Number of protein chains: 2
Amino acid sequence: MEQVKLEWKGGMQFDAQVGEHTITLDGPEELGGMNIGARPKPLLLVALAGCTGMDIASLARKMRVEFERIEIEADAEKSDEIPVVYTAMTLKYRFEGKGIDPSKPLKMVSLSQERYCGVADMLRKVAPIAFEVYLNGERIDR
Amino acid sequence: MEQVKLEWKGGMQFDAQVGEHTITLDGPEELGGMNIGARPKPLLLVALAGCTGMDIASLARKMRVEFERIEIEADAEKSDEIPVVYTAMTLKYRFEGKGIDPSKPLKMVSLSQERYCGVADMLRKVAPIAFEVYLNGERIDR
């Protein structure tokens, strides 16, 4: 079983205990918060990008590919009505490194998306997840 | 559109930029991480508990209910196979405060679950979400 605990700190602030780590959540000032922590909903995107990112980090080690930099951006389109939900998500993988065969990052991304990443597997039931892969600034997934 | 950006810091570590806030993610030592940040998947539970928690904080102000303490626990059962996904989730709301009519926290929880909480609306498509409500240690939702 997985478990997290949140404690209210007054106003819109909650401190979340995740294993040994604390994540502070807060609302923006216009909603009565003090903006001293992240808002909850985008944590879905952090979970998504982090899950696939750790797959990539692990596969890069196994496949002996040395990246100089990896950035993963996760975007979501939102509904207009309440409750506000995500209607589409996009993951953008930006890899940088010298002499890397584009087939390798592409293989890592597809292994993560199709096999390993539990968060992607879950959130795909919420809304479609598209992905784009860039190597040294050039799009390589098409 | 909502957007987050993660940057790889080596090993299993990623730093996530969420608005003006940074959340550090890392893997456990047995998977090549250094455990200096939260793992990604439980952030789904943080998003869920945080979203409904902020609804409650906001409704408490509107309904003029003064809680001394609010704790929200989110648990998930996980699948055995890869990809590991959540198969059931439970939210436990623990309210504390003097002279509070139990109908009020119950109303806040059902307004959040049925109407306002976008994260619950999304994650319900992934797995069922049960909830339990406690006031001063006593379960009040049945």
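Just so it is clear, the model here is predicted, and its values are computed rather than measured. A note on names: the letters A, B, ... follow the listed sequences, proteins ahead of strands, and every chain is numbered from 1.
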request  = Would you mind telling me which of A:V85, A:T90, A:I82 has the largest number of heavy-atom pairs within less than 4.5 Å of chain B?
outcome  = A:V85
Residues in residues 125-137 of chain A that sit under 4.5 Å from chain B, counting heavy atoms only = A:K125, A:V126
message = Less than 4.5 Å to any heavy atom of chain A: does that hold for the side chain of B:A76, its backbone, both, or neither?
response = both
note = Taking a cut-off of under 4.5 angstrom between non-hydrogen atoms, the residues of residues 28-37 of chain A near chain B are A:L31, A:G32, A:N35, A:I36, A:G37
inquiry  = Applying the side chain to side chain contact (heavy atoms under 4.5 Å, CB included) criterion to B:L43, which one of A:V4, A:I23, A:L44 satisfies it?
reply    = A:I23
ask   = Which bit of A:V84 is near chain B, if near means a heavy-atom gap under 4.5 Å: side chain, backbone, both or neither?
value = backbone
request  = Using a 4.5 Å cut-off on heavy atoms from C-beta on, say whether the side chain of B:M1 contacts that of A:E77.
outcome  = yes
task = With a 4.5 Å cut-off on heavy-atom pairs, point out which of B:L25, B:T22, B:L48 contacts chain A the most.
result = B:L25
message = Rounded at 0.5 Å granularity, tell me how far CD in B:E71 sits from NZ in A:K5.
response = 5.0 Å
query = Is the number of heavy atoms from other residues, nucleotides or ligands within 6.0 Å of NZ (B:K92) greater than 12?
reply = yes
key: Interface residues of residues 49-58 of chain A facing chain B - non-hydrogen atoms under 4.5 Å apart   = A:A49, A:G50, A:C51, A:G53, A:M54, A:A57, A:S58
Chain B contact via A:F14 - side chain, backbone, both or neither, heavy atoms under 4.5 Å = side chain
message = Could you go through B:R69 and A:E7, starting from their C-alpha distance and side-chain angles, then the distance that decides it, and tell me whether this counts as side-chain contact (heavy atoms from CB on, under 4.5 Å)?
response = CA-CA 8 Å; B:R69 190 183 154 93; A:E7 189 168 333; 3.1 Å; yes
ask   = Under a 4.5 Å heavy-atom cut-off, does chain B meet the side chain of A:K41, its backbone, both or neither?
value = both
message = Between A:E20 and chain B, with a heavy-atom cut-off of 4.5 Å, which part of the residue counts as in contact: side chain, backbone, both or neither?
response = side chain
request  = Identify which of B:M12, B:R39, B:K9, B:R61 forms the greatest number of heavy-atom pairs closer than 4.5 Å to chain A.
outcome  = B:M12
query = Going by residue number, which parts of residues 117-124 of chain A are within reach of chain B, meaning a heavy-atom gap below 4.5 Å?
reply = A:C117, A:G118, A:V119, A:D121, A:M122, A:L123
note = Under 4.5 Å to a heavy atom of chain B? For A:A38 that would be both
message = Looking only at heavy atoms and a cut-off of under 4.5 Å, which of B:S79, B:A88, B:A47 has the most pairs with chain A?
response = B:A47
ask   = Are there more than 12 heavy atoms of other residues, nucleotides or ligands under 6.0 Å from atom CZ of A:R115?
value = no
ask   = Shortest non-hydrogen contact from B:W8 to A:F67?
value = CZ3-O, 3.6 Å
